[in-house]
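Chain letters run A, B, ... following the sequence lines, proteins first and then strands; every chain starts at 1. None of these values were measured; they are calculated from a predicted model.
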Amino acid sequence: MLYTVSLKDSKVFSRLYKKGRFVADSSVVAYYMQNKLPVNRLGITAGKKLGNAVTRNRAKRILREAYRLNEMNYPIGYDIVLVAREGIKYKKTNELFGYFNRLAKEMNKAK
RNA sequence: CGAGUAAGCUAUACGGCAGCGGACGCCGAUUGAUUUCGGCGGAUGAGGAAAGUCCGAGCAUCGCAGAGCAGGGUAGCUGCUAACGGCAGCCGAGGGCGACCUUAGGGAAAGUGCAACAGAAAUAUACCGCCGCGCAAGCGGUAAGGAUGGAAAGGCGAGGUAAGAGCUCACCGGGGUGCAGGAGACUGCACUGCCAUGUAAACCCUACCCGAUGCAACACCGUUUGGUUCAGUAAAUUAUUAACGUCGGCUCGGCGGAUUUGCUGUUAAAGGUGGCUUGAUCUGUGCGGCGACGCACAGGCUAGAUAGAUUGCCGUACACGACAAAACUCGGCUUAUCGGCUUAGUCGCAUU
RNA sequence: GGCCCGUUGGUCAAGCGGCUAAGACACCGCCCUUUCACGGCGGAAACAUGAGUUCGAUUCUCGUACGGGUCA
């Protein structure tokens with residue numbers, strides 16, 4: 001990905017859950033917040049409730065791919081956490097584009 | 001043609017564009033250094049169960065001063081194997097017309113415990129009954145019959161008897177002894193004679209096996225901080241067949257005197273690197289063995305991540321794609337699973 | 001990734017291989033009260049699942065499913 005690195009620090013995750021803005025859908029919730037860095041940081045979560053390893057890995061792959069294909073639309077300098085929900089099990093990447101466009105609009109407005 | 005049995009193989013396929021993981025090569029920058037960063041390229045990248053973690057091993061660390069007890073496991077025999085609770089062949093038992101399948105399958109005359117309810121009685125004490133004696137009450141004999149039960153004095157038939165009883169005999173079943181066969185489990189034959197329920201996935205006994213902990217092991221590098229662990233040394237206090245610590249849980253026994261404070265070195269600690277994939281390896285051929293498996297030769301290198309890599313879009317084909325994702329590595333077991341294919345036996349029906 | 005436990009009415013829970021499987025709260029019906037509560041009487045309701053051992057299994061053994069704990 002062009003200007004995005006992965007987000008690994010659990011402190012940042014909890015800060016986002018507490019203080020970040022969010023946009024929700026039946027299949028995914030996104031939390032975002034400015035980070036004052038020249039890149040975006042992306043974290044993806046798929047909890048145990050979702051299913052077994054196969055299901056969770058697939059959810060993560062689909063979210064990562066959908067983000068990658070829409071990367072140009074987002075403002076730079078944000079931490080983003082995508083949380084997978086039940087609905088994602090039966091979705092394909094291009095079915096999520098509507099949601100990701102809404103997210104991009106919200107983020108640009110907030111800026 | 002139908003039904004059924006056993007063994008094995010396979011796990012959507014092909015193509016285009018974009019993307020991800022770890023190597024490799026080339027180019028550019030950088031560094032003491034293939035050090036670090038970027039770009040490009042063509043290869044390569046999850047399973048038969050990767051799962052459950054039920055066994056067994058490798059590897060690593062700890063302990064090595066031992067002995068006994070305790071604890072855990074296995075249980076027909078002979079083999080295979082690095083090892084196993086696995087596998088193969090065979091034996092016994094059970095099931096199926098058969099191909100074939102199942103089998104925790106040592107010991108109950110070493111000891112202890114338990115066997116509810118029912119039943120007269122549960123391992124032996126006669127309720128009804130039967131027979132003998134007696135007027136009767138009752139006494140004696142008797143396990144054939146009744147009734148209870150999972151189990152009631154080996155079963156059944158004949159002889160025998162007052163009535164009965166392995167009391168005697170034939171057959172079946174079981175125990176013991178002898179002989180023969182086999183590597184052995186065991187099998188066959190002969191003689192003898194019914195010595196006495198079940199439960200050992202109840203305690204237990206017998207034989208054999210087992211050190212503990214696990215890659216979050218462990219080794220190395222190491223910042224802020226900190227002064228924990230270990231070693232050496234100095235001082236103080238206390239003590240000397242003792243107490244305390246340690247040697248897996250206990251006992252004996254062994255070893256070290258112990259505690260506090262100071263100093264010196266070492267170590268722990270965010271994080272990083274190694275461990276991490278060439279191996280009891282895979283493929284093919286030949287040979288040995290009924291088989292599990294072994295040996296020889298030739299060839300191959302086939303994921304190594306660390307928030308954790310296989311995706312998205314599209315085209316074509318059909319049977320329209322199940323269960324499911326490596327995390328130190330192997331050998332098994334168990335469980336989940338859409339289907340498809342191959343081979344070898346069996347039974348039934350029909351035809352020649 | 002490794003290791004260790006548990007599963008019994010709606011909930012919390014006892015249970016020596018032999019029961020009709022305790023008990024409490026909750027629920028239902030009746031009584032008490034002017035009524036509600038308290039109290040009294042009665043009732044319905046369960047051994048996670050599949051095999052095995054045993055005459056007999058909630059209990060013993062093995063497999064499976066689910067839930068929980070623990071090690072950085």
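Exactly one residue among A:Y32, A:F100, A:Y31 makes a side chain to side chain contact (heavy atoms under 4.5 Å, CB included) with A:L82. That residue is A:F100.
Base pairing annotation: B:U161 forms no Watson-Crick or G-U wobble pair, as no partner gives both donor-acceptor distances under 3.5 Å. The partner of C:A48 is C:U64, by the rule that a Watson-Crick or G-U pair needs both atom distances under 3.5 Å. Pair assignment for C:A57: none, as no Watson-Crick or G-U wobble contacts are both less than 3.5 Å. Checking B:U342 for Watson-Crick or G-U wobble geometry (two distances, each under 3.5 Å) identifies B:A7 as its partner. Under the Watson-Crick and G-U wobble criteria, each requiring two contacts below 3.5 Å, nucleotide B:U12 is paired to B:A317. Checking B:G79 for Watson-Crick or G-U wobble geometry (two distances, each under 3.5 Å) identifies B:C87 as its partner. Here B:A60 sits opposite B:U213 as a Watson-Crick or G-U wobble pair (both hydrogen-bonding atom distances under 3.5 Å). Under the Watson-Crick and G-U wobble criteria, each requiring two contacts below 3.5 Å, nucleotide B:G138 is paired to B:C133.
Its glycosidic angle being within 90° of 0, B:G166 falls on the syn side. Taking the O4'-C1'-N9-C4 or O4'-C1'-N1-C2 dihedral as appropriate, B:G138 has a value more than 90° from 0 and is therefore anti. Regarding the sugar-base torsion, B:C27 falls in the anti class, its angle being beyond 90° of 0. Look at B:G284: its glycosidic torsion is beyond 90° from 0, and that puts it in the anti range. An anti orientation is assigned to B:U229, its glycosidic angle lying beyond 90° of 0.
A:L63 has its CG atom 12 Å from the P atom of B:G312, to the nearest Å. Atom CZ of A:F97 is separated from atom C1' of B:A18 by 12 Å (rounded to the nearest Å). Between A:K60 atom NZ and B:U311 atom C1' there is a gap of 14 Å when expressed in whole angstrom units. Atoms CD1 (A:I44) and C1' (B:U306) sit 16 Å apart, rounded to a whole Å. Going from atom CD1 of A:I62 over to atom P of B:A325 covers 17 Å, rounded to whole Å. Here B:C20 presents its P atom at 7 Å from CZ of A:R68, a figure rounded to the nearest Å.
Within a 6.0 Å sphere centred on CZ of A:R21, heavy atoms belonging to other residues, nucleotides or ligands number 12 at most.
Going from atom CD1 of A:I80 over to atom CE of A:M33 covers 13.0 Å, rounded to the nearest 0.5 Å.
The distance between the ring centers of A:Y67 and A:Y74 falls below 6.0 angstrom.
With contacts defined as side-chain heavy-atom distances shorter than 4.5 Å, the pair A:L63/A:V28 qualifies.
Rounded to whole Å, the P atom of B:C338 lies 10 Å from the corresponding atom of B:A322. Comparing B:U103 with B:G86, their P atoms sit 11 Å apart, to the nearest whole Å. The separation of B:G47 from B:U335, taken at their C1' atoms, amounts to 15 Å, rounded to a whole angstrom. To the nearest whole angstrom, the two P atoms, one in B:G332 and one in B:G21, are 35 Å apart. Distance check on atom C1': C:A22 versus C:A45 gives 15 Å, rounded to whole Å. Look at the P atom in both B:U197 and B:A152: the space between them is 12 Å, to the nearest Å. Of the C1' atoms belonging to B:U35 and B:A217, the separation is 32 Å, rounded to the nearest Å. Spacing of P atoms, C:A21 relative to B:C130, comes out at 46 Å, to the nearest Å.
Among residues two or more places apart in sequence or in another chain, the ring pair (Phe, Tyr, Trp, His ring centres under 6.0 Å) test is passed with A:Y99 by none.
Counting only distance, with no hydrogens or angles, the side chain of A:R102 and the backbone of A:A24 share a donor-acceptor pair below 3.5 Å.
The side chain of A:R61 lies closest to B:A325, out of B:A309, B:G312, B:A325.
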